[in-house]
Structure formats: C-alpha cells, structure tokens
Novice: 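Sharing a structure below in structure tokens format, with a few things to ask.
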Amino acid sequence: MASKDSKIKALADKTFSALSTRFPDSTCSLDNDWPQNLAIRGIMSAQCTDKRVNITAKELFERYPDMESIANEDPEVIAGIIKPCGLTSSKTKSVMAFAKKMTGEWGGKVPNDTGLLMEVPGIGRKIANLIVGEIYGTPAVVVDTHCKRVMKRIGITESDDPAKVEKDIMKVFPEDQWIRIGHLSVDLGRAYCTAKSPKCDECPLSSFCKRRI
Ligand code: SF4
C-alpha cells in the first residue's frame, strides 16, 4: 500500500505535468528588465496586482533610472509615485532601504542570498525567494495567495501558513520545478481555481484534485 508521502509525491507529479501542459508559457508576470528593478517591483507587489505594479514601476523608473536617484530622493516624493500599489508607507520605506543597500554595502549588485535580502525591512521570504529565483534561477518557491490556496485544495498541503506550505511543496516537487510551480499555481489560481468560485468542471486537475474527488 502506498504511503501518504508517496501518494502526495504522485499527486505533485500529476499536478506539474497537467499544469505545464495547460500553461506552457507560464512565467512571472512582473516586468523583468534589470535585476534591481525587478526586486523593487517585487517589493511593490505585496497585496497588489502585478499589472498595477508594472504600470506604477514604469513611472518610477522613468523618473528615477538608477538606484542612486531613488536612494537620494525625498521619501514623500517616492511615496506619491508608488501610492497606487497600496501599503504606501511600508513599501516606501522598503524601496528606499533597498536602494540604499544597493548603492552602499551591496556595491550595485542584487545579492543572490535570501538572508541578506530579508535584512531590508519589508522584504520577507516570499519576495526574497522571488528575487533570487527570477534573477539568478536559484531554486526557491514563491508562496503567494494563489499558491497557498491552490496547493491546499489540490491536497499538496494541509496548512495555511506560507512557510509550512513552502516546505510541503519543497518536499514533493523536485528542486528544478520550484520556480515554475509558483508561476503555474498563479496561472491556475487566476484561470480556474479562483478564491470564490473555482471552475472545477473545466480545471485540468479535476480528475485528481483532493477537493474535487
Ligand atoms: S479542481 Fe477545482 S479546487 Fe481543484 S484545483 Fe481545479 S479549480 Fe481548484
């Protein structure tokens, strides 16, 4: 008889395969030009849509094309620009602190190190994982609201705690799938497994999803 762990591993394999087939071009929906700009978009993305972040960040980087100009600006002016993304006060502090680290101790290079990134106020595990994954391809799982919701419904995790969800995903998906499973979860969450009215009848996981069977 298959153990619980091997059943969840098999579930993870089927999930990855079905989602990769359904969303072959799945990728991060934040604009990705320069590493430092992507990191700032990541900071601005907390509780905001990627679409809104891309629009607002475009304005920010048109006015401030480098980290020095952001680090030296009056925080109130930066706050006025990033306000449409919400959580203005904490995001402003975080963006300014990131820009200062970049122009100071990091010597202009975004660190490929989640511990160092999390020294910036406002950068938590999710954003740090996004930064190292998207910029350096370092295996890391980004557990956002979609990922957390769909992984529980599918049966990969029983937890609502993002740190535990991340660990559960890392246990059953191979390392080289960690970045991609985050993107695929977002695509699934947007297209089918929405928070309020999941479209289970049309979902590519409906034949094996725990919530469905
Ligand atoms: S079958 Fe329904 S609950 Fe399961 S992943 Fe698909 S949409 Fe979500």
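Start at 1 and go down the list; that is how both ligands and their atoms are numbered. Basis for what follows: all heavy atoms, side chains included, without hydrogens, waters or symmetry-related copies.
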Novice: Closer than 4.0 Å to some heavy atom of Cys209 - which atoms of ligand 1 meet that?
Specialist: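 Every atom of ligand 1 under 4.0 Å from some heavy atom of Cys209: 1 (S), 3 (S), 4 (Fe), 5 (S).
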Novice: Return yes when at least one N/O/S atom of Cys200 is nearer than 2.8 Å to atom 8 (Fe) of ligand 1, and no when none is.
Specialist: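 It does not: Cys200 brings no N, O or S atom closer than 2.8 Å to atom 8 (Fe) of ligand 1.
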Novice: Counting non-hydrogen protein atoms only, what is the nearest one to atom 3 (S) of ligand 1? Give residue, atom name and distance.
Specialist: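 Nearest neighbour among protein heavy atoms for atom 3 (S) of ligand 1, to 0.1 Å: Arg211 CD, 3.6 Å.
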Novice: Taking 4.0 Å as the limit for heavy-atom contacts, which would you say applies to Cys193 with ligand 1: side chain only, backbone only, both, or neither?
Specialist: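 The answer is both.
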Novice: Could you tell me, atom by atom, which parts of ligand 1 come under 4.0 Å of a heavy atom of Cys203?
Specialist: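 Atoms satisfying the 4.0 Å criterion: 1 (S), 5 (S), 6 (Fe), 7 (S).
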Novice: Can you find a pair of side-chain heavy atoms, one from Met67 and one from Val95, that are under 4.5 Å apart?
Specialist: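 They are not in contact (no side-chain heavy atoms under 4.5 Å apart), so the answer is no.
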Novice: Looking only at side chains, do Glu73 and Tyr64 share a donor and an acceptor under 3.5 Å apart?
Specialist: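 Indeed, the side chains of Glu73 and Tyr64 share at least one donor-acceptor pair under 3.5 Å.
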Novice: Find out whether Ile40 and Asn37 are in side-chain contact, i.e. whether some heavy atom of one side chain is under 4.5 Å from a heavy atom of the other.
Specialist: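 Ile40 vs Asn37: side chains apart.
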Novice: Any side-chain heavy atom of Asp113 within less than 4.5 Å of one from Val132?
Specialist: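 The answer is no; the side chains never approach within 4.5 Å.
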Novice: To the nearest 0.5 Å, what is the distance between CD (Glu119) and CH2 (Trp106)?
Specialist: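 These two atoms lie 7.5 Å from each other.
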